[in-house]
Number of protein chains: 2
Amino acid sequence: MQSAQDENGSTVVYDDVLRIADADPPKQGHGTERQAASQRVSIGDVARLADVAPITVSRALRNPQKVSPDKRARIEQAVAQTGYSINPHASALKSGRSNVVLAFASNLMSEQFASALKTCAAVLEDAGYLFLVGQTSYSYERETAALRSLHAMKPAAVMLTGVIELESNRELLRGLGIPIMETWALPRDPIDMLVGFSNTEAGRLAADMLFRRGYRKVAYVGRRGGRGALRLQGFREGCQALGIRLVCEELVDDVTGVSDGRRCLSSVLARPEKPDALFCSNDVLALGCMMEARRFNVRVPTDLGILGFGQSDIAAEIPPGLTMIGVDSALLGREAGAMLIASLAGTPPTQKLKRLDLIVSEGGSL
Amino acid sequence: MQSAQDENGSTVVYDDVLRIADADPPKQGHGTERQAASQRVSIGDVARLADVAPITVSRALRNPQKVSPDKRARIEQAVAQTGYSINPHASALKSGRSNVVLAFASNLMSEQFASALKTCAAVLEDAGYLFLVGQTSYSYERETAALRSLHAMKPAAVMLTGVIELESNRELLRGLGIPIMETWALPRDPIDMLVGFSNTEAGRLAADMLFRRGYRKVAYVGRRGGRGALRLQGFREGCQALGIRLVCEELVDDVTGVSDGRRCLSSVLARPEKPDALFCSNDVLALGCMMEARRFNVRVPTDLGILGFGQSDIAAEIPPGLTMIGVDSALLGREAGAMLIASLAGTPPTQKLKRLDLIVSEGGSL
DNA sequence: CCTGTCAATGACAACGTTACCATATTAAGA
DNA sequence: TCTTAATATGGTAACGTTGTCATTGACAGG
């Protein structure tokens with residue numbers, strides 16, 4: 001164990017961290033033409049080495065089939081020898097295009113967004129794009145700031161976990177003239193492309209499920225704004241249509257953790273008229289409700305049925321297992337990625353709209 | 001409710017999504033000089049409008065104090081009027097710098113990484129940087145690919161959730177000549193900067209905590225590689241030093257969900273010699289263990305004490321509440337951000353190393 | 001009044017790439 | 001054989017910005 005002083009004077013004890021010297025040390029000119037490695041090598045250097053014009057190197061890299069096999073081979077060798085990699089800034093400056101696909105998540109901490117981004121990234125990276133994620137934090141201000149910087153950056157496409165609500169921001173994105181993917185809802189007039197599902201229908205489906213299982217006096221717990229509001233709207237409609245009484249709506253502005261869910265359930269239980277079931281349109285809140293129910297010895301589902309929205313692995317595992325309505329967010333990401341690629345490839349009759357089915361995962365909470 | 005057909009022929013029912021027409025429509029020339037908005041306006045256009053040279057506009061934007069107040073005002077007005085925003089590619093090409101800070105997460109789905117990235121992003125964005133996150137997915141191959149593209153992209157700095165293990169990738173990052181931040185461990189020889197904590201010490205502390213509470217026959221559950229291996233190493237050392245018997249080590253290669261944790265506990269309980277406590281060096285696994293214990297009517301902590309590692313909100317809330325060793329990942333992100341900014345500002349005597357204290361959050365599981 | 005110093009500003013060129021057009025080469029059709 | 005078209009390649013310029021250096025004027029010290 002080795003130690004040293006950091007600048008604060010406290011003793012630092014280092015961990016031993018595994019180092020891996022890879023068997024295949026990367027790009028080193030075989031023989032004498034060892035390159036300064038870290039330093040800049042331009043397309044001109046490669047061209048000189050391969051004895052072609054720079055433009056040919058450019059072509060060989062982006063449209064290999066437009067260059068004759070022999071030159072292509074020479075160029076490939078020169079690239080390998082020099083360790084050349086294209087300067088994306090110069091390329092983007094001249095061509096007005098880049099190979100970066102920018103994603104914006106309203107919240108990096110959501111398991112479901114993360115899962116969709118992960119699959120979407122996989123699809124796009126396989127197609128040679130660089131997939132980067134920025135954050136907007138459920139705030140219009142941050143969203144606007146992020147989109148401004150985006151405007152300048154000329155990405156190849158944009159992926160959003162959600163839909164843009166602010167009209168000026170919609171306009172800004174539309175003006176970019178690149179593929180834009182919105183998700184997680186089903187707006188009447190998407191900016192460009194959409195892979196989503198109906199949140200109001202999710203609400204109606206929730207009412208339907210509760211009705212079928214005999215519940216007639218229910219409560220709603222969810223976020224006040226955005227998609228939460230849509231689910232509530234659908235839920236209200238469904239309840240009304242089926243003759244279910246919606247005895248209370250417990251709305252929160254912002255979900256920071258399961259404790260918000262706990263609070264919601266306490267508050268619901270404190271009402272004079274107790275519901276026999278609960279639709280919780282947010283999985284973190286649902287989790288909190290489940291826990292609080294246990295704490296108050298409210299048996300689920302005997303005393304209170306709970307229906308959640310989302311895909312929480314953990315909520316499904318906590319006894320008696322939360323029954324949830326949701327979508328396959330990994331699938332959503334994959335579909336979005338595929339659709340973006342099709343649009344980027346430019347074949348005009350691209351599908352621009354995909355509606356995902358809602359899926360129900362059965363637990364024991366209803 | 002409105003409907004239409006998508007390209008697959010299924011009926012699409014649109015949600016009503018909230019639209020917000022903002023009261024303050026952005027940048028529109030007051031009066032006649034309305035700009036084509038979406039189209040490119042260059043520094044030259046601004047310069048012409050302000051009746052100065054392009055270079056002066058450039059200066060006014062990056063070093064306002066180097067331009068006289070009157071010209072600065074004219075320029076600002078021209079910028080507002082045209083809606084000009086700097087072309088980051090041209091800027092990066094010429095200057096070799098950019099205002100993008102790139103972060104790489106080995107796993108976007110980790111609550112803790114997300115939390116650190118969130119706070120780090122906040123700090124850097126406040127300082128005017130654009131914070132983007134890429135993914136490496138715990139795979140050396142992806143990591144290498146990501147770092148290659150990074151090499152070309154010349155970000156202002158790089159933030160990593162973890163440390164780089166592959167020597168060739170370490171070399172690559174070192175060669176960039178920009179601030180590099182590693183985290184979440186305490187390697188002997190960081191690439192550049194480090195905000196981390198000792199994983200072996202976490203293991204030793206775990207042994208210590210178990211010892212103090214009277215446990216003498218314990219089991220370990222965790223990931224096989226990376227930091228998990230370090231925690232195990234520390235735990236072994238601690239157990240040996242204190243005379244605790246480590247009756248089994250249950251290692252998993254990859255954690256995909258709580259079910260992995262369930263499996264681990266089953267497997268531990270199936271051993272002939274049952275431990276009286278468990279150190280679970282991963283919070284998802286710990287959660288699974290807690291659930292499985294409940295299912296098998298193993299009372300926690302009476303029959304089996306469980307100590308976790310991490311910061312899981314949910315694990316802390318599940319009765320009896322998981323006791324955990326961990327770090328404040330939001331703090332980690334903030335510290336990393338602050339250190340990066342200091343380094344970017346260029347004042348040489350920058351602190352390059354910060355060791356975070358381990359924190360213990362008490363639940364009822366020990 | 002002259003010279004040296006400093007601040008403010010501008011002219012010019014260059015960063016590395018690709019769009020555009022021109023040319024050379026080859027294949028195909030009459 | 002002669003055009004016509006298609007393919008392969010290169011020359012030139014330009015994308016929008018900023019580094020470098022030169023110029024201007026103001027001001028202080030001699």
Side-chain angles (χ1 to χ4, degrees), chain A residues 35-36 39-76 78-79 82-100 149 151-156 177 346, chain B residues 35-36 39-76 78-79 82-100 149 151-156 177 346:
Chain A
Q35 196 62 29
Q39 286 330 316
R40 46 183 61 146
V41 25
S42 84
I43 202 170
D45 301 325
V46 175
R48 216 165 302 121
L49 198 55
D51 192 30
V52 295
I55 185 77
T56 307
V57 175
S58 177
R59 268 192 284 257
L61 293 176
R62 42 180 54 247
N63 281 75
Q65 82 284 5
K66 303 210 90 184
V67 171
S68 62
D70 61 328
K71 299 211 177 188
R72 200 190 315 158
R74 292 217 307 273
I75 290 170
E76 273 163 14
V79 166
T82 55
Y84 170 72
S85 74
I86 204 166
N87 180 325
H89 297 300
S91 175
L93 172 60
K94 179 59 186 153
S95 69
R97 279 187 294 276
S98 82
N99 77 137
V100 174
S149 62
H151 180 67
M153 171 133 169
K154 305 231 174 205
Chain B
Q35 196 64 29
Q39 287 330 317
R40 45 183 62 144
V41 26
S42 83
I43 203 170
D45 303 324
V46 175
R48 217 166 300 120
L49 198 58
D51 193 30
V52 294
I55 186 76
T56 306
V57 175
S58 176
R59 270 193 282 256
L61 292 175
R62 43 181 53 249
N63 281 75
Q65 81 284 5
K66 302 211 87 183
V67 172
S68 63
D70 61 328
K71 301 213 173 183
R72 201 189 315 159
R74 293 216 307 273
I75 290 170
E76 274 162 13
V79 166
T82 53
Y84 170 73
S85 73
I86 206 166
N87 179 325
H89 297 299
S91 176
L93 173 59
K94 180 57 186 157
S95 69
R97 278 187 293 277
S98 83
N99 77 138
V100 174
S149 62
H151 179 68
M153 172 135 168
K154 303 229 173 207

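Note that the structure is a prediction, hence the values are computed from the model and not measured. The chains referred to below are lettered A, B, ... by the order of the sequence lines, with proteins before strands, and numbering in each begins at 1.
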Touch class at under 4.0 angstrom, heavy-atom based, for A:A90 against every strand present: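 The answer is base, as A:A90 lies within the cut-off (heavy atoms under 4.0 Å) of a base atom.
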Sugar-phosphate only, base, or nothing, as touched by A:R62 at under 4.0 Å among non-hydrogen atoms: sugar-phosphate
Which nucleotide in C:dT17, D:dG10, D:dT17 has an atom nearest any side-chain atom of A:S42: C:dT17
Closest to the A:V67 side chain, choosing from D:dT18, D:dT9, C:dT18: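 From the listed options, D:dT9 comes nearest.
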Give a yes/no on whether any side-chain N or O of [X] is located under 4.0 angstrom from OP1 or OP2 of [N].
{"X": "A:T56", "N": "D:dT9", "value": "no"}
{"X": "A:S91", "N": "C:dT18", "value": "yes"}
{"X": "B:S95", "N": "D:dT17", "value": "no"}
{"X": "A:S68", "N": "D:dT9", "value": "yes"}
{"X": "A:K71", "N": "D:dG10", "value": "yes"}

Could you tell me how far apart [X] ([atom1]) and [N] ([atom2]) are, to the nearest whole angstrom?
{"X": "A:I43", "N": "D:dA14", "atom1": "CD1", "atom2": "P", "result": "19 Å"}
{"X": "A:K66", "N": "C:dC20", "atom1": "NZ", "atom2": "P", "result": "13 Å"}
{"X": "B:I75", "N": "C:dG10", "atom1": "CD1", "atom2": "P", "result": "8 Å"}
{"X": "A:I55", "N": "C:dT17", "atom1": "CD1", "atom2": "P", "result": "11 Å"}
{"X": "A:K154", "N": "C:dT17", "atom1": "NZ", "atom2": "C1'", "result": "16 Å"}
{"X": "B:H89", "N": "D:dT18", "atom1": "NE2", "atom2": "P", "result": "14 Å"}
{"X": "B:N99", "N": "D:dT18", "atom1": "CG", "atom2": "C1'", "result": "15 Å"}
{"X": "B:R97", "N": "D:dT18", "atom1": "CZ", "atom2": "P", "result": "9 Å"}

Nearest-nucleotide comparison on DNA chain C, the residue closer to the 5′ end among A:K94 and B:R59: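 Checking each residue's closest nucleotide, the 5'-ward one belongs to B:R59.
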Heavy-atom donor-acceptor pair, B:H89 side chain to A:A90 backbone, under 3.5 Å: no
Whether A:R72 side chain and A:P64 backbone form a donor-acceptor pair below 3.5 Å: yes
Close side-chain approach of A:I86 to A:I43, heavy-atom, < 4.5 Å: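 When only atoms from C-beta onward are counted, A:I43 and A:I86 do not touch, as no gap falls below 4.5 Å.
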Over all atoms of both residues, closest heavy-atom pair of A:A60 and A:I75: CB-CD1, 3.7 Å
Over all atoms of both residues, closest heavy-atom pair of A:R74 and A:D51: NH2-O, 3.4 Å
A:P54 vs A:Q65, nearer the 5' end of DNA chain D by closest nucleotide: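 The residue mapped nearer the 5' terminus is A:Q65.
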